[in-house]
Amino acid sequence: MRAFYITTPIYYVNDVPHIGHAYTTCAADVLARFHRMMGERVLFSTGTDEHGQKIAKAAQEAGLAPQELVDQVVVRFRDLWEKMHISYDVFIRTTDPEHERTVQEMFLLLQKKGYIYKGAYEGWYCIPCETFWPESQLEGRFVCPDCGRPLERLREESYFFALSRFTQPLLSYLEKYPDFVMPESRFNEIYSFVKGGLKDQSISRAGVRWGIPVPGDPNHTIYVWFDALINYLTVAGFGRDEEQFALFWPEAHHLVGKDILRFHAVLWPGILLAAGLPLPRRVFAHGWWTVNGEKMSKSRGNVVDPLEVIRRFGVDRFRYFLLREVSFGLDGDFSEKAFIERSNADLSDNFGNLIHRTVSMVLRYRNGRISRPSGYEDREWEELLHEVRERFLASMERFAFSQALSEVWRLVHFGNRYLDQKAPWRMAKDTSLQRELDQVLYRLLDCGRILGIFILPFMPETARKLLALLGVEAILTEGNLMSFLDWGKGPETFSVQQPEPLFPRLEG
RNA sequence: GGCGGUGUAGCUCAGUUGGUUAGAGCAUCCGGCUCAUACCCGGAGUGCCGGGGUUCGAAUCCCUGCACCGCCA
């Protein structure tokens, strides 16, 4: 049985969840649900990154112990994922003992293999912020970019990971697997970055207490990114569950924001190569959301709260908008106007209304029951579905969610056009056309059933409602839905319920 | 400054290896329908950043100019 391992980054808990977190996690959820729908073994993980100086400082300011602070913020993430219908299998926290053990194990492994050495880290340091700043971020002015106070040149003992030794192996790997980093523009960036030569990476901090101790040298804690990246191994069962690890690790897919691509596409592969482990199948960097054309920031006060969007518009409208509005990988803009227009046009007018008018006619002309009539097959429908399915699958393979959805909507448009052309309301008045009326209505119900399957990964709640409306929700217990994605795979007799609009139009 | 990318309809974008009259959605205008959530269907449009080149043929390849974006320094 095929396996699929999909991860979100673990989110840093110095921030409460916003639309960016929701975006990545939603996309990961769609992939997880899609691969489950195809009958694969799926492992879907998300979680929180809880160590580091910033957390310790925030806790101190709040008068809490670091662990108390992170415990509080974690609840907000878990709560949002529940409300967004995120079907994660594992919620990992970097403070989990299991994870801390894995990180130390990896540290020891790389040390044993000779890829970790002790050296000194020299840079510009802000004493109040307790942060090192690389010269490239200082623009020639030696003041702290955070607080504006003067920096001091400081030298600190540190453990280093010999990343430079993996420049050539990583370059070869990128050449061999051009799909390793997606989209292509990001691949090019990473490739040229690696080509420029990699530097060894400091992977410990001497002054930071809130972190995982370096094995055998408790004055040092492990650098947050080394700590964080290894979460993907912890989840997969590294050093703990060999069977699970062998199944899922080679099938790992990482979804990341473009800001953290380099850690995932350079440092992380370096660590894995050093450890002698396979690299993930894919690292996909998606874009950012602006709000009403402006960058989202706390100081502007324009941060979109996903809970608020869900409360006002419903979870499936939100999920649909996130994945349909912009093509995955590009930046997008979130605005109420765009949200309402997208939702009304696609979900209410085209999709919801097609279902509604179909079911209404089945109720009106056939008391809600239609048996599969002979000769209901239709070549045009069949050809369209086969093409849509093929292109849908190809799009999903490339994480091209927006394209996948627009493929599905070709069926929706065809359904509406078909209804207009056939005009069943006229057939109903002509006793000689009763058989044809059955054929038309059955095709449309079957189309609704197939739409329900297609949208299941994207809008699970709506899919469930739709399939229940058509009386075919039993299909949801099937392990592999792919074989039901064809004509006539529905029941011998459709028995529909009284319809409520799936997506009432929103007032702008 | 180096490398990479983008520039297509009013707006957001798609255009596979160069091959008929360049597409989609939204917006606009006109017509139709009445099963439906004032929805849906049909039609009308307008367009390949500027300049030069290769070719029987260029949105697609090459050169150049301009504008914008990303990564790096």
Side-chain angles (χ1 to χ4, degrees), chain A residues 134-140 174 181 183-199 257-263 265-266 285-288 290 293 295 317 321 324-335 337-366 368 390-391 394-395 398 400 402-410 412-429 437 440-441 444-445 448 462 469 496 498-508:
Chain A
E135 214 146 300
S136 62
Q137 278 186 34
L138 297 180
E139 297 164 343
L174 288 168
V181 178
E184 195 184 345
S185 56
R186 300 294 169 193
F187 176 94
N188 292 341
E189 282 177 16
I190 292 299
Y191 185 81
S192 65
F193 180 79
V194 176
K195 202 165 185 186
L198 301 176
K199 291 189 201 125
K258 60 184 182 180
D259 55 326
I260 57 172
L261 175 63
R262 233 169 65 203
F263 294 107
V266 179
H286 67 249
W288 288 126
T290 54
K295 203 177 159 192
R317 280 199 183 88
F321 181 84
R324 176 65 184 86
E325 184 68 4
V326 298
S327 81
F328 202 57
L330 302 180
D331 289 348
D333 185 56
F334 187 94
S335 72
K337 183 167 177 283
F339 188 97
I340 290 174
E341 279 174 9
R342 174 65 70 186
S343 178
N344 280 348
D346 292 4
L347 297 178
S348 305
D349 299 346
N350 289 319
F351 171 73
N353 192 43
L354 172 64
I355 301 303
H356 199 78
R357 61 202 299 221
T358 299
V359 172
S360 295
M361 279 189 278
V362 172
L363 280 164
R364 179 185 293 214
Y365 304 136
R366 289 293 182 265
E390 200 171 303
R391 291 164 68 155
S395 297
R398 297 182 353 259
S402 185
Q403 266 187 46
L405 284 168
S406 74
E407 282 301 322
V408 174
W409 254 249
R410 288 174 65 199
V412 174
H413 290 301
F414 191 81
N416 277 315
R417 192 183 317 143
Y418 182 79
L419 253 176
D420 260 54
Q421 281 167 358
K422 296 293 179 183
W425 51 91
R426 261 185 233 128
M427 291 177 177
K429 291 173 188 152
L437 176 61
V440 168
L441 292 178
L444 287 164
L445 289 173
T462 301
L469 178 66
V496 307
Q498 189 67 40
E500 287 292 321
L502 290 168
F503 294 102
R505 278 180 69 82
L506 300 170
E507 296 308 320

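The chains referred to below are lettered A, B, ... by the order of the sequence lines, with proteins before strands, and numbering in each begins at 1.
Nucleotide B:U6 forms a pair with B:A67, judged by Watson-Crick or G-U wobble geometry with both contacts under 3.5 Å. The pairing partner recorded for B:A14 is none, the criterion being a Watson-Crick or G-U wobble arrangement whose two distances lie under 3.5 angstrom.
A:S402 has its side chain out of reach of A:V326: every pair of non-hydrogen atoms, C-beta onward, lies at least 4.5 Å apart.
Rounded to the nearest 0.5 angstrom, A:L441 CG and A:L419 CG are separated by 8.0 Å.
Judged by distance alone, the side chain of A:S343 and the main-chain N or O of A:F339 form no donor-acceptor pair under 3.5 Å. Side chain of A:N344 to main chain of A:R505: no donor-acceptor pair is present (N/O by atom type, distance under 3.5 Å, no hydrogens or angles).
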Summary of protein contacts for nucleotides 33-44 of chain B, nucleotide by nucleotide, where a base hit scores B, a sugar-phosphate-only hit scores S (4.0 Å, heavy atoms): SSBBB-SBSS--
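An OP1 or OP2 oxygen of B:C72 is reached within less than 4.0 angstrom by a side-chain nitrogen or oxygen of A:R262.
Comparing B:G5, B:G70, B:A73 by their closest approach to the side chain of A:E189 singles out B:G70.
Comparing A:N188 and A:R324 by the nucleotide of RNA chain B whose heavy atom lies nearest to each, the residue mapping closer to the 5' end is A:N188.
With sequence neighbours excluded, the residues that form a side chain to side chain contact (heavy atoms under 4.5 Å, CB included) with A:S335 are A:N292, A:D333, A:K337, A:A338.
Between A:I340 atom CD1 and B:A27 atom C1' the separation is 17 Å, expressed in whole Å. Regarding A:E184, its CD atom lies at a distance of 19 Å from the P atom of B:G70, rounded to whole Å.
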